[in-house]
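So the structure is just underneath, and the comments pick up after that.
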Amino acid sequence: MNTIDLRSDTVTWPTTAMREAMYTAPVGDDVYGEDPTVIALEAEAAAMLGKEAGLFVASGNMGNLVALLTHCGRGEEIIVGKQAHIVRYEAGGSAAVGGIHTNQIEVQPDGTLPLEAIRESIRVENDHFPRTRLICLENTQGTIGGIPLSVAYTEQVGELAREHNLKVHVDGARFFNAATALGVSAAELAAPVDSVTFCLSKGLCAPVGSVLVGSAAFIKEARRSRKVIGGGMRQAGVLAAAGLIALREMTSRLGEDHANARTLAEGLAQIPCIQIDLSRVQTNMVFFDLHPEARLTPAELTERLKAEYDIYINAYPGKARTFRAVTHYWITPERIEITLDAIRTLLA
Ligand SMILES: *Cc1c(COP(=O)(O)O)cnc(C)c1O
């Protein structure tokens, strides 16, 4: 287990505490609402985000889809970032399964959708138009660098939504990274919005799962939407047990990952043929470019790091010279130094 895998925080292995908790977890049939460990996870997650209720789902993708299916009917519309995970990386599920139309806005470098652009995208009542139901934010915004959206911005979007009788959903795959970076509680950051999904299986290290939170009435409907897409699970307590450890032990340590990302970024900035904007390293993601004059091509760098050092870093999908490194629980400060030494040596 000396592999240094910086490709994503989805690669995190469950911790020993998680494996032990999974082994001993009390379980029941969760479709009957009888799994005590799932019930505990849903309640603790909801409490941490200051919402009434939670729903354990198989993935972040499923959490978003269940949220959209619950907030919107067929032919209705969401306002969402063009670079959002929901648009780019969820196989078009909103359209394929929900008949839900997307009205896409360019995500700004700070991760926001401009309030004016949102306002202009909201449809008036007219037979020609889909009906706008929902605004979707992503926090942290992944594709543009793991940038956290502030409480103030989230409040402004919440207000705009209420003015127009719309709901707000946050794809918070890395919601606790955002709260950590902003120095606020997850509940404070979630307060202005109607629903949030967050992943247990990324920086929080659980092997499987996400939780969707919102009002009790919303979650009651969401349970039904989850059933529609086959997401009702039986003795899911074995998975929820790891999720409980994730909530109790992992949400409060994400600052370490952010500090390690900062060290990695600052080290990379010292390497002549690497270009990096340090101001954009705000959570656990480090985006950097390899200069065309570098000794190695991006593909060669990836290949040699893997073959000679057991270090995994990939070019970002769709980008020729841009790499993304993501820090997480298994990337210790020592492993950051090993990585920097390896890159320095290969590019010297
Ligand atoms: C990873 C991710 C998801 C989906 O999570 P899965 O558990 O991989 O389905 C959703 N949104 C964002 C921003 C993500 O990074």
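What you see is a predicted model; the values in this text were computed from it and never measured. Each ligand, and each atom within it, is numbered from 1 in the order the structure gives.
At a 4.0 Å cut-off, not a single heavy atom of Thr10 sits close enough to ligand 1 to count as contact. Residue contacts with ligand 1 include Cys199, since one or more of its heavy atoms lies under 4.0 Å from the ligand. At least one heavy atom of Arg174 sits less than 4.0 Å from an atom of ligand 1. At least one heavy atom of Lys202 sits closer than 4.0 Å to an atom of ligand 1.
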(request) May I have the step-by-step check of side chain to side chain contact (heavy atoms under 4.5 Å, CB included) for Met250 and Leu254, ending in yes or no? (result) CA-CA 7 Å; Met250 308 306 268; Leu254 295 171; 5.8 Å; no
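The proximity of Asn61 to ligand 1, defined as any non-hydrogen pair under 4.0 Å, involves the side chain as well as the backbone. Proximity of Gln141 to ligand 1, defined as any heavy-atom pair under 4.0 Å, is not found for any part of the residue. In Ala173, the part holding a heavy atom less than 4.0 Å from any atom of ligand 1 is the side chain.
At distances below 3.5 Å, not a single donor-acceptor pair connects side-chain atoms of Thr197 with backbone N or O atoms of Asp171.
Between the choices Ser8, Gly60, Gly63, Ala58, the shortest heavy-atom distance to atom 6 (P) of ligand 1 belongs to Gly60.
At the top of the distance list for atom 13 (C) of ligand 1, counting protein heavy atoms only, stands Glu138 OE2, 3.3 Å.
Among all heavy-atom pairs drawn from Ser195 and His71, the shortest one is OG-NE2, 2.9 Å.
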